[in-house]
Amino acid sequence: MSFVREKVPQDQWEYFNSLNIKYEGKLRTANEYSIWVIDREREIIFTNTCLSGRDYGDSYILIWGEERIYIYVEAHTERQTEYAAKYCHWDIQCIIAPMSLKDRQAELIKLIRQIAEIHYDPRSTSTFVIDNIAEPQFKESV
């Protein structure tokens, strides 16, 4: 199986909530607007924790098996007209990952790039561009 970008199905809300996704101590719970990128076979989930957070722009979590990786993105659009964006740019400013993934850094970066491109709204007419991916910071406890 491969990645799927979808609204979190209502019958999966309980599972989503059990992932215990938090931002600044607040639990993120599933609702009719929740979207994730998921590969059920490989147990990989990517979803936002908060849009337009304080320290960085948007924050996301990548759950890879038992591991949690936090990704902070500054996003901006380059407009072609007043109503249509030509490009959506992501500057991935910070990646915080568990020390257990340190030897898999290249695989982690490749996975983040792949998921980000899938996560970007496919209905959009603009082109998605990743301008920068920060070197991951590996920590004992994430």
Side-chain angles (χ1 to χ4, degrees), residues 1-80 83-142:
M1 188 170 198
S2 59
F3 288 112
V4 176
R5 179 192 190 276
E6 65 183 15
K7 283 189 175 184
V8 178
Q10 191 167 1
D11 66 350
Q12 300 265 304
W13 286 6
E14 188 175 325
Y15 170 68
F16 182 96
N17 296 341
S18 76
L19 296 171
N20 201 29
I21 298 170
K22 293 181 181 178
Y23 180 77
E24 294 186 343
K26 293 182 182 176
L27 186 64
R28 178 151 185 275
T29 56
N31 59 44
E32 64 271 16
Y33 305 107
S34 299
I35 293 173
W36 62 13
V37 174
I38 186 166
D39 182 329
R40 290 175 174 85
E41 190 173 290
R42 294 189 295 166
E43 298 180 354
I44 300 172
I45 296 170
F46 179 83
T47 190
N48 70 302
T49 59
C50 177
L51 298 176
S52 299
R54 281 187 299 178
D55 297 334
Y56 300 94
D58 303 334
S59 67
Y60 296 86
I61 187 167
L62 170 60
I63 301 173
W64 189 3
E66 297 295 317
E67 306 295 2
R68 291 172 175 253
I69 300 100
Y70 295 90
I71 302 163
Y72 302 92
V73 175
E74 188 65 44
H76 71 277
T77 56
E78 188 179 318
R79 299 227 172 256
Q80 182 173 6
Y83 303 103
K86 185 175 183 177
Y87 295 99
C88 176
H89 294 268
W90 265 27
D91 177 358
I92 299 176
Q93 297 184 339
C94 183
I95 300 169
I96 300 173
M99 193 63 75
S100 60
L101 295 176
K102 189 170 178 79
D103 293 338
R104 298 175 74 183
Q105 180 172 338
E107 185 180 0
L108 175 61
I109 295 294
K110 182 179 178 183
L111 187 61
I112 290 170
R113 181 177 297 279
Q114 179 185 14
I115 290 173
E117 290 176 4
I118 293 167
H119 172 74
Y120 186 66
D121 190 345
R123 298 169 301 171
S124 175
T125 58
S126 60
T127 302
F128 179 71
V129 179
I130 298 175
D131 293 319
N132 175 60
I133 299 181
E135 288 287 319
Q137 300 172 29
F138 294 97
K139 301 192 175 190
E140 287 299 328
S141 63
V142 177

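In this text the structure is predicted, and so the values were computed from the model without any measurement. For the single chain, residues carry numbers from 1 onward in sequence order. Note: hydrogens, waters and symmetry copies are ignored here, and every other heavy atom, side chains too, is used.
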Can you list the steps and then say if Tyr15 with Ile45 is a side-chain contact (heavy atoms from CB on, under 4.5 Å)? CA-CA 12 Å; Tyr15 170 68; Ile45 296 170; 3.5 Å; yes
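- The two residues Tyr72 and Ile96 come nearest to each other via the heavy atoms CE1-CD1, 4.0 Å.
- Ring pair His89/His76 is parallel by interplanar angle, where below 30° counts as parallel and above 60° as perpendicular.
- More than 12 heavy atoms of other residues, nucleotides or ligands lie within 6.0 Å of CD in Glu32, so this atom counts as buried by the packing criterion.
- Residue Asn20 qualifies as enclosed at atom CG: its count of foreign heavy atoms under 6.0 Å is above 12.
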From CA spacing to verdict: side-chain contact (heavy atoms from CB on, under 4.5 Å), Glu6, Gln12: CA-CA 12 Å; Glu6 65 183 15; Gln12 300 265 304; 5.9 Å; no
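- In this structure, NZ in Lys139 is found 12.5 Å from NZ in Lys102, a value given to the nearest 0.5 Å.
- In this structure the side chain of Glu67 reaches within 4.5 angstrom of the side chain of Ser100, judged on heavy atoms.
- Between Ile112 and Tyr60 there is no side-chain heavy-atom pair separated by less than 4.5 Å.
- In this structure, Tyr120 and Ser126 have side chains that are in contact, with non-hydrogen atoms separated by less than 4.5 Å.
- Taking 4.5 Å as the limit, some side-chain heavy atom of Arg68 sits within range of a side-chain heavy atom of Leu19.
- Atoms CD1 and CG, on Ile92 and Asp58 in that order, are 11.0 Å from each other to the nearest 0.5 Å.
- Proximity of Thr29 to Trp13: side-chain heavy atoms (C-beta onward) are nowhere separated by under 4.5 Å.
- Exactly one of Gln105, Arg104, Lys110 qualifies for a side chain to side chain donor-acceptor pair (under 3.5 Å) with Glu107. That residue is Arg104.
- Taking CD1 from Ile38 and CD1 from Ile63, the interatomic distance works out to 9.0 Å, rounded to the nearest 0.5 Å.
- Nearest heavy-atom pair, Ile130 versus Ala116, reported as atom, atom and distance to 0.1 Å: CD1-CB, 4.0 Å.
- By the 4.5 Å heavy-atom criterion applied to side chains, Tyr70 and Pro136 are not counted as neighbours.
- Distance alone, capped at 3.5 Å, is enough to place a donor-acceptor pair between the Arg28 side chain and the Asn48 backbone.
- The side chain to side chain contact (heavy atoms under 4.5 Å, CB included) with Ile61 is formed by just one residue from the set Thr49, Ile69, Ile71; it is Thr49.
- Considering only heavy atoms from C-beta on, Leu108 comes within 4.5 Å of Leu62 through its side chain.
- Proximity of a side-chain donor or acceptor of Arg5 to a complementary backbone N or O of His119 within less than 3.5 Å is detected.
- Put simply, the side chain of Ile109 reaches to within 4.5 Å of the side chain of Ile95, judged on heavy atoms.
- Side-chain atoms of Trp64 and Glu43 form no donor-acceptor pair, as typed in the model, at a separation below 3.5 Å.
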Please lay out, stage by stage, how Asp131 and Glu74 fare under the test side-chain contact (heavy atoms from CB on, under 4.5 Å). CA-CA 10 Å; Asp131 293 319; Glu74 188 65 44; over 6 Å; no
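- Taking the six-membered ring where the residue is Trp, Trp90 and Phe128 present perpendicular rings, their angle passing 60° and hence far from 30°.
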